[in-house]
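Following: one structure in structure tokens, then a few remarks.
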Amino acid sequence: EGQAKKNIADPNEPGLKGDSKAAKAKKELAYDNELEASIDQLSKGKLEEGLKGLEAFKLSHPKHRVEDVDKAIEGAKAMIA
């Protein structure tokens with residue numbers, strides 16, 4: 001069991017695999033925070049700003065959480081309508 005753990009790249013451990021995994025995780029977290037900000041605006045009743053933020057996010061990061069972003073955009077449009 002101890003041997004198997006050593007073969008898994010630790011994202012916090014310096015090294016080629018660890019560094020790239022840590023960088024990817026950090027980038028994903030930044031995207032999530034950006035997305036969260038737009039969703040937060042919607043929850044505060046700032047529907048137009050939230051929708052604009054979601055649409056801008058989708059343009060900037062078209063492959064990140066596609067289904068979640070599309071659902072949020074649909075929901076925002078439904079709330080505005």
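Values in this document were obtained by computation on a predicted structure and should not be read as measured data. Any value given below was found using the heavy atoms of this structure, including those in side chains, with hydrogens, waters and symmetry copies removed.
- Here CG of D19 is found 11.0 Å from NZ of K26. Values are rounded to the nearest 0.5 Å.
- For the atom pair E55 CD and K52 NZ, the distance stands at 9.5 Å (nearest 0.5 Å).
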(message) Walk me through whether R65 and Y31 qualify under side-chain contact (heavy atoms from CB on, under 4.5 Å).
(response) CA-CA 9 Å; R65 300 202 189 280; Y31 289 173; over 6 Å; no
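- Taken together through direct or relayed side-chain contacts under 4.5 Å among Ile, Leu, Val, Met, Phe, Trp and Tyr, I80 and I39 form part of one hydrophobic cluster.
- In terms of heavy atoms, G50 sits closest to L42 at CA-CD2, 3.8 Å.
- One hydrophobic cluster, built from ILVMFWY side chains closer than 4.5 Å, holds both I73 and M79.
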(message) For a side-chain contact (heavy atoms from CB on, under 4.5 Å) check, start with the C-alpha distance between K27 and H64, then their side-chain angles and the critical distance, and finish with the verdict.
(response) CA-CA 11 Å; K27 189 166 79 172; H64 187 73; over 6 Å; no
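- The distance from the CD atom of E34 to the CG atom of L54 is 10.5 Å, given to the nearest 0.5 Å.
- For the atom pair CG (D70) and CD (E74), the distance works out to 6.5 Å, reported to the nearest 0.5 Å.
- Between K46 and D40 there is no salt bridge, since no side-chain nitrogen of the basic residue lies less than 4.0 Å from a carboxylate oxygen of the acidic one.
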